[in-house]
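Reckoned from all heavy atoms, side chains included, excluding hydrogens, waters and symmetry mates. We name chains A, B, ... by the order of the sequence lines, and we start the count at 1 in each one. Bear in mind the structure is a predicted one, so any value in this text is a computation, not a measurement.
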There are 2 protein chains.
Amino acid sequence: MNESTAPGRVGDVRRRNLSLVLDSIARTGDAKPSRAQLAAGTGLTKAAVSSLVADLVDSGLVSEVGLYRDGERGRPGQGLELSSRRGVIGMEINVDYLAVGLVDLGGNLRFHASVESRNRGLAAEKVMERLGGLAAEAKAAASAEKIAIMGGGLAVPGLVDGQHNMVLSAPNLHWENVQLHPRTLLEGAPLGVRLSNEANSAALGELWYGGGRPDFLYVSGEVGVGGGVIIGSELYTGPGGSAGELGHIVVHPEGPACSCGGAGCLETFAGQEAIFKAAGIPEGSLGGRTELLLAALAAQDPRATKAVHDAGRYLGVALASSARLMDIEAVVLGGHFALLAEWLRPALLASLERYAPGLLEPGNLTVSGLEHSGTLLGAAGQVIRSVIESPFEFLLASKLA
Amino acid sequence: MNESTAPGRVGDVRRRNLSLVLDSIARTGDAKPSRAQLAAGTGLTKAAVSSLVADLVDSGLVSEVGLYRDGERGRPGQGLELSSRRGVIGMEINVDYLAVGLVDLGGNLRFHASVESRNRGLAAEKVMERLGGLAAEAKAAASAEKIAIMGGGLAVPGLVDGQHNMVLSAPNLHWENVQLHPRTLLEGAPLGVRLSNEANSAALGELWYGGGRPDFLYVSGEVGVGGGVIIGSELYTGPGGSAGELGHIVVHPEGPACSCGGAGCLETFAGQEAIFKAAGIPEGSLGGRTELLLAALAAQDPRATKAVHDAGRYLGVALASSARLMDIEAVVLGGHFALLAEWLRPALLASLERYAPGLLEPGNLTVSGLEHSGTLLGAAGQVIRSVIESPFEFLLASKLA
DNA sequence: CCATTTAGTTTTCAATCTGAACTATATGGG
DNA sequence: CCCATATAGTTCAGATTGAAAACTAAATGG
């Protein structure tokens with residue numbers, strides 16, 4: 001006997017419709033819909049919407065924002081919007097910086113701060129302590145703006161087990177099977193702190209607060225090459241949660257050994273270190289190397305140009321294979337690759353045309369406009385979306401607290 | 001306003017529970033559960049299960065099979081099973097044969113027939129006519145066994161648009177944008193005939209009636225190299241429906257041009273034609289070439305051995321990339337590759353170990369045991385599963401007819 | 001100032017689950 | 001042989017919830 005699926009109960013209908021109405025309000029965004037508009041949009045009756053909205057307003061997730069007067073005849077509607085008094089704190093640990101952001105339910109970044117921090121090889125406790133300082137700033141900003149913090153999201157550049165708050169492997173931080181205690185960053189937040197992968201969070205940020213296409217592959221060029229796969233407006237994580245590892249796709253079977261133990265991986269051709277090395281830019285401060293590279297490219301330095309050209313070519317090989325395997329039709333470049341896009345894009349497009357002609361239209365290869373805040377928005381957004389998708393569970397969690 | 005999601009109605013609960021109960025009966029399979037066991041397994045009350053089962057029995061999808069007597073005390077239960085009087089016809093068009101099978105609701109292959117047919121380059125009308133002859137045999141077998149035919153599934157080796165019954169591209173048949181009329185093969189079947197891709201169907205057949213693992217990549221080595229991705233016990237088709245094109249993953253950036261317009265694709269190294277050519281087996285009858293190849297391998301012919309070794313090596317590259325990108329942890333070899341498995345497997349495993357060490361355990365690289373019937377079972381199974389997942393809709397469709 | 005229009009609420013009804021009581025049918029000990 | 005016990009399955013009252021329709025509320029405009 002298989003009991004994996006829960007039986008449908010009468011009350012499930014309300015859970016679903018609560019979410020449907022809340023999601024409609026979220027999607028409609030600035031338009032601030034009335035109950036009647038929600039009824040038309042969702043297919044529910046006005047009576048049902050009224051009842052559902054009453055619950056959402058009681059819970060504090062939705063606020064009425066005055067009358068909706070547009071000069072038409074008839075009684076004006078009450079505009080509804082996601083409460084701007086509820087927020088989530090997004091946090092990010094990366095190789096050379098830490099960042100936090102306060103995001104309200106509507107997805108507005110209400111506060112933002114970051115500090116440089118050489119985290120590579122640093123103990124997790126030390127990093128979490130520094131991050132705690134930043135989180136305290138965000139909490140102070142929240143109470144100054146009277147925003148109640150529902151929970152937090154923490155993104156790290158590595159493979160994570162969000163269920164157990166473990167960083168399974170973050171090679172660029174030199175972390176392996178590190179247990180984190182993210183909840184301590186935000187004591188008292190009813191929904192706790194959700195740990196997630198940096199590239200996946202950035203992809204979700206792009207989905208919810210950026211381009212907004214329902215299907216795309218986000219390519220994160222931080223120190224490593226990562227990826228986030230969005231299919232049908234959802235993050236595809238695969239059965240084990242580690243899908244999207246674009247950096248370790250094999251792009252040349254005779255390629256050099258990779259830190260992952262394999263060989264010929266994309267990261268050995270298009271990772272930051274590989275590009276710097278090929279461009280002949282010596283080790284120094286990381287920020288400085290990126291600037292030197294950009295300067296060299298601007299000056300049409302041949303080694304730099306070739307380095308980026310080769311990276312684009314191999315990125316094209318990886319994207320061609322990815323598009324074939326996962327039927328991906330759009331790609332968003334983020335991180336380092338966004339900075340290099342001007343020089344990277346032509347080689348990448350030529351490579352795609354060679355290996356998978358016609359599969360990806362050039363217009364569907366875009367650059368992320370969110371820059372570094374994409375990761376914060378995505379990390380916080382995961383908690384916000386969980387509330388929008390299961391408001392009933394949030395009501396319970398709030399009542400218990 | 002976004003109206004993509006339908007509102008929850010009170011009646012949805014019953015739809016869901018109808019499916020839940022039917023699915024429980026299907027999964028329990030030979031055990032023929034009683035209503036009380038179903039109640040325990042699903043979490044529903046006995047009252048609810050009784051009411052749901054009554055509807056399912058009325059519809060003819062489920063039959064009572066006498067008392068369930070096991071020597072225990074208490075009233076014996078009525079055993080329930082999927083009706084063996086309802087069936088679906090699975091059909092397959094491939095490059096050099098046609099096949100049909102009659103599959104009952106419980107997944108038993110009750111009748112099977114195939115004929116050789118050189119379909120490459122043949123007009124679709126002609127092929128469908130021949131297939132119609134085979135389908136008539138299956139229909140006769142069904143009426144002889146008093147099985148009512150609910151619908152059919154038709155698998156073809158190419159990219160299809162099931163919604164519009166179009167074969168968008170089947171290069172090995174030389175079909176391009178061909179409109180089919182599969183419904184004419186089974187006049188009067190209430191659910192019509194569902195068109196699908198051959199590799200995807202074989203993967204689904206493996207899922208439902210073969211190994212039964214919830215996450216795996218099925219590799220179909222027919223004339224081309226295809227793939228079917230199963231994630232969370234569902235077929236992953238990607239946003240456009242063409243995911244799993246393993247044959248056109250780039251495994252060598254300096255590789256030869258491919259028929260798809262790209263270069264260095266897996267198919268140019270591991271397709272049937274490529275292997276035959278590399279093994280030095282001249283063109284003749286297709287069946288004969290396979291036999292010659294197997295004989296040469298058995299005789300340890302160096303060219304044949306190297307050809308298969310190379311194919312395995314490049315297949316390993318493609319699988320390493322796939323595993324990284326989609327987090328795939330198990331692979332099932334089908335078709336041609338199943339026949340060659342003995343010689344292919346060592347090279348493939350060595351290649352995986354080189355390019356993605358530790359990612360795929362050797363025990364998770366298996367060979368399909370269903371052989372050619374896997375595709376038929378999968379093609380028919382898609383219709384069977386659609387009934388199990390939406391019995392309510394099937395009841396409506398049946399009542400209209 | 002009242003007809004018209006649109007927003008939102010109240011009321012009645014039907015669907016469907018749960019829970020408890022009840023009926024049906026077996027086993028087994030005295 | 002009969003009755004206590006156990007298990008299967010049914011019946012019925014109660015609760016939740018959305019649909020449909022009637023109703024109330026609040027605006028515009030001639």
Side-chain angles (χ1 to χ4, degrees), chain A residues 1 5-21 24-25 31-58 62 64-80 391-392 395-396, chain B residues 1 5-21 24-25 31-58 62 64-80 391-392 395-396:
Chain A
M1 195 76 36
T5 324
R9 302 264 158 70
V10 177
D12 295 348
V13 179
R14 193 160 186 88
R15 289 181 195 224
R16 175 164 171 196
N17 286 335
L18 229 26
S19 168
L20 179 64
V21 167
S24 277
I25 296 172
K32 304 193 193 318
S34 66
R35 288 165 177 77
Q37 290 171 321
L38 289 171
T42 57
L44 290 160
T45 58
K46 288 187 297 173
V49 170
S50 278
S51 161
L52 293 161
V53 165
D55 279 6
L56 293 171
V57 169
D58 280 354
V62 167
E64 294 194 321
V65 285
L67 295 183
Y68 186 90
R69 205 173 271 111
D70 58 356
E72 304 262 322
R73 284 218 266 186
R75 173 177 166 180
Q78 285 278 133
L80 298 167
F392 193 87
L395 301 194
L396 286 183
Chain B
M1 195 76 37
T5 322
R9 303 263 159 71
V10 176
D12 295 347
V13 178
R14 194 158 185 88
R15 290 182 192 223
R16 177 165 171 195
N17 287 336
L18 230 27
S19 168
L20 179 63
V21 168
S24 278
I25 296 172
K32 307 197 192 315
S34 66
R35 288 164 177 79
Q37 289 172 320
L38 289 171
T42 58
L44 289 160
T45 58
K46 288 189 297 174
V49 171
S50 278
S51 161
L52 293 160
V53 166
D55 279 8
L56 293 171
V57 170
D58 281 352
V62 167
E64 294 193 322
V65 286
L67 295 182
Y68 185 90
R69 203 172 272 112
D70 56 356
E72 304 264 322
R73 285 217 265 187
R75 174 177 168 179
Q78 287 278 134
L80 299 167
F392 193 88
L395 302 194
L396 287 183

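Among the nucleotides dG9(D), dG8(C), dT18(C), the one closest to the side chain of Arg35(B) is dG9(D). In the set dT27(C), dG8(C), dA26(C), the nucleotide with an atom closest to the side chain of Arg73(B) is dT27(C). The listed nucleotides are dG18(D), dA8(D), dA6(D); the one nearest the side chain of Arg14(A) is dG18(D). When distances are taken from the side chain of Ser34(A) to each of dG9(D), dG8(C), dC17(C), the shortest belongs to dG8(C). Comparing dA7(C), dA8(D), dA4(D) against the side chain of Lys46(B) picks out dA8(D) as the nearest.
One interatomic measurement links the two molecules: CZ of Arg15(A) to P of dT17(D), which rounds to 10 Å at whole-angstrom precision. Going from atom CD of Gln78(B) over to atom P of dA24(C) covers 15 Å, rounded to whole Å. Protein atom CG of Leu67(A) is 21 Å distant from nucleotide atom P of dT5(C), rounded to whole Å. The nearest whole Å value for the distance from the CG atom in Leu38(B) to the P atom in dG9(D) is 9 Å. The CZ-P distance, from Phe392(A) to dT17(D), rounds to 7 Å in whole Å. If you measure from atom CG of Leu80(B) to atom C1' of dA8(D), you get 12 Å, rounded to the nearest angstrom. The nearest whole Å value for the distance from the CD atom in Gln37(A) to the C1' atom in dT6(C) is 11 Å. Summarising the geometry, the separation between CZ on Arg16(B) and C1' on dA15(C) is reported as 17 Å, rounded to the nearest angstrom.
Nearest-nucleotide assignment on DNA chain C puts the 5′-proximal partner with Gly77(A), out of Leu44(B) and Gly77(A). Judged by closest nucleotide on DNA chain D, Leu18(A) is the one of Leu18(A) and Pro76(A) placed further toward the 5' end. The nearest heavy atom of DNA chain D to Ala47(B) and to Ala48(A) marks one nucleotide each, and the one closer to the 5' end goes with Ala47(B).
The base of dA26(C) lies outside donor-acceptor range of the side chain of Arg75(B), with no N or O pair under 3.5 Å.
In this structure, Asn17(A) CG and Phe392(A) CZ are separated by 12.5 Å, a value rounded to the nearest 0.5 Å.
Using a 4.5 Å cut-off on side-chain heavy atoms (C-beta onward), Leu44(A) and Leu52(A) make contact. Side-chain contact between Gln78(B) and Arg35(B) is present, with heavy atoms from C-beta onward closer than 4.5 Å. Using a 4.5 Å heavy-atom cutoff, the side chains of Arg9(B) and Asp12(B) are in contact. No side-chain heavy atom of Ser24(A) sits under 4.5 Å from any side-chain heavy atom of Gln37(A).
Base contact: Val10(A) has a heavy atom under 4.0 Å from a base atom. Contacts of Ala39(A) with the nucleic acid, taken as non-hydrogen atoms under 4.0 Å apart, are absent. Using a 4.0 Å heavy-atom cutoff across all strands shown, Ser50(B) reaches at least one base atom of the nucleic acid.
The two atoms that bring Leu80(A) and Val65(A) nearest to each other are N-CG2, 4.1 Å, heavy atoms only.
Contact between the side-chain N/O atoms of Arg9(A) and the OP1/OP2 oxygens of dT18(C) is found at a separation under 4.0 Å. An OP1 or OP2 oxygen of dT17(D) is reached within less than 4.0 angstrom by no side-chain nitrogen or oxygen of Asn17(A).
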